[in-house]
Amino acid sequence: MGRGRSGGEGTGRPRSVGELDELLRSLDGRGYKAYEALSGAWRFDDFELHFDHVQGDPYAAPTRIRVHLPADVAGFSGGPVRTPERARGTECFLAHAFAARAAQTSRSRGTGRSGEIRMMHPGQLVLATTALRLDDDGGVEARFTGGLPAKGRRIAGRHARELLLEDVPATVGASLRASEHDPAEVERHAAAAEDAEALRAGLAEEGLVAFVADGARLPRRSGIDDRPLEGDDVVPFRSPTSLRRTVRLPNVGEITGMGIPEGVTLIVGGGFHGKSTLLRALQDGVWNHRPGDGRELVATRADAVKVRAEDGRAVAGVDISGFIDGLPFNRDTTAFESPNASGSTSQAAAIVEALESGARTLLVDEDTSATNFMIRDRRMQLLVPSEGEPITPFVDRARELHEAFGVSTILVVGGSGDYLDMADLVIRMVEYRPVDATEAAHAVASAHPTGRRSEAARPFPKVPERRPLRSSIDPSRGRRSRSVKVPDDRTLLLGRDSIDLVAVEQLVLRGQIRTVGEALAWIATEFPSEAETVAAYLDAVEDAVAREGLDALSPYRVGDLAEVRRHEIAAALNRLRSLRVG
Ligand code: ADP
Ligand code: MG
């Protein structure tokens, strides 16, 4: 695999910090490009520093810097790194500490981004990133960016010396050494990550798809702010006794909470009673959260995918015939193609695509669903007989998906009682508190039959294996063979294609979108054969990351990649408008 790293390597022995000082003095006042002389490794008192990429212009993307602290300096041995999960927790704690310290220390030191020090941190999540890694032995590698100081377009030597000889060592020293932190605080992060992972790993054995601990705080500050809603009005989660489970975790010990078993689960309740908030916590429960988040002990199986309607999206050769067939003009729905899918066809495609990437738990909210995809009631069946209606609504498939394919569904429905008949479990939200309403729901269902007939004329088809053409994924742009950009929190630019990820709700971090982009570029440039199954592409990406970490996906050493699942990569691939299947 041609993995040429840019800069930094093969340039011989690290130079001393004294040499760096001299070099910066000599660069003062010269053209900005002369900063290129920094490339390579430098030996500081406590750590080694590498310039992995030196910016060519004060307004360009800032310089990529990497430091490595050996274990005896960093001092994270034992508890903080004892298991990979603990190491993740410690890493995310350190990334926050570094980012916060950098924000305090760094100051404007000239034109553009001169003087700025920045590290990506994973927000409320706890997951692997390329920003900060603990070695097995307790050493630390940190990657961040620095804006090399300029006056106009000339090198500002004194400011550069302040940035690199004072600000950077101060930030590194104050944030990446165990001695600078309260050991209890570090332990709290390591332990929380380990517990969350253990909770999720234990779900399948318990026959559960999700677990929400008593005391969890689910609501967020706003639709664009993932931090916990604070205040006395927040109602902590409390499980109904019939659904209460006790789980033992390695650090906190025994906890109780609501277990959601495999099968079809409805979340019902009046408007504004917390249905969508619960579902959101469940969809985010595929990730681990940092202590204090409120969702530390909410876990959903790693195979859970949120699906929703997304009219206008492109669909490439997806078999949606289990939900939709007999379209006008006999359009084929076993390999449905559209540059502009409707609400119902997009939701059908999202479900089939999720199954194709290996999802076995589907999360659906009425708020983001197409009504005609979800239900068709008795009266509508009488007015428009099924010969004139291509849609087999989800209500006629959810049970079957569970029984025939082992796929569980958790569904928010406030508006349609037609779902009551087929639910294994009905959770009713009453003023943010869940109540087990299963018996009541079944009583209503038998006292008030809907009279509707199932519209499923045939069994739901097994998901066929599509073979996307590798050549239809093109990350090149102009002279660059590979261009991956993330202009905002919901968009991926891959080569000249723009992929809209608004509907891929489980992508939480910008760094995750970047990883998805690198994964698609990797498939396009590194995969050996032209047309493989989606599963084969995803397996190959997963294998590469398992072997070499997220760095496997990028030709450069970057500090802004964050872990994703195969489902997120598949979701982006499926939304690529140029995608063609063989
Ligand atoms: P629904 O989907 O049932 O209409 P939502 O889940 O959208 O309701 O919640 C309605 C509002 O209540 C949201 O603003 C949400 O932040 C808030 N909310 C949700 N859960 C809680 C809770 N446990 N405590 C306090 N406020 C909450
Ligand atoms: Mg809602």
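Just so you know, these numbers come straight off a predicted model, no measurement behind them. Whatever order the structure lists them in is the order used to number ligands and atoms, beginning at 1. Just the heavy atoms: all of them, side chains too, but no hydrogens, waters or symmetry mates, feed the values below.
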- [ ] Could you pull out the N/O/S protein atoms under 2.8 Å of the Mg ion (ligand 2), ignoring any water?
- [x] Ser276 OG, Asp367 OD2
Open item on the list: Taking Arg510 first and then Asp489, would you say they form a salt bridge - that is, a charged N and a carboxylate O separated by under 4.0 Å?
Closed with: yes
Open item on the list: Using 0.5 Å steps for rounding, measure from the CZ atom of Arg428 to the NE2 atom of His273.
Closed with: 8.0 Å
Task: Stacked cation flag Arg565 on Trp287, 6.0 angstrom / 45 deg - done: yes
- [ ] Could you pull out every protein residue that has a heavy atom closer than 4.0 Å to ligand 1, ordered by chain and then number?
- [x] Pro219, Asp233, Val234, Val235, Gly270, Gly271, Phe272, His273, Gly274, Lys275, Ser276, Thr277, Tyr432
Open item on the list: Between Phe323 and Phe460, is the ring centroid distance below 6.0 Å?
Closed with: yes
- [ ] Please lay out, stage by stage, how Ser338 and Asn340 fare under the test side-chain hydrogen bond (donor to acceptor under 3.5 Å, both in side chains).
- [x] CA-CA 5 Å; Ser338 174; Asn340 185 15; 5.9 Å; no
- [ ] For atom CZ of Arg376, decide whether the heavy atoms of other residues, nucleotides or ligands shown that lie under 6.0 angstrom number more than 12.
- [x] yes
Task: Centroid-centroid under 6.0 Å between His121 and Phe98 rings - done: no
Task: Partner of Arg399 under side-chain hydrogen bond (donor to acceptor under 3.5 Å, both in side chains), chosen from Asp421, Thr409, Asp424 - done: Asp424
Open item on the list: Quick test of your reading of the model: are Glu505 and Arg490 salt-bridged, counting only N-O distances below 4.0 Å?
Closed with: no
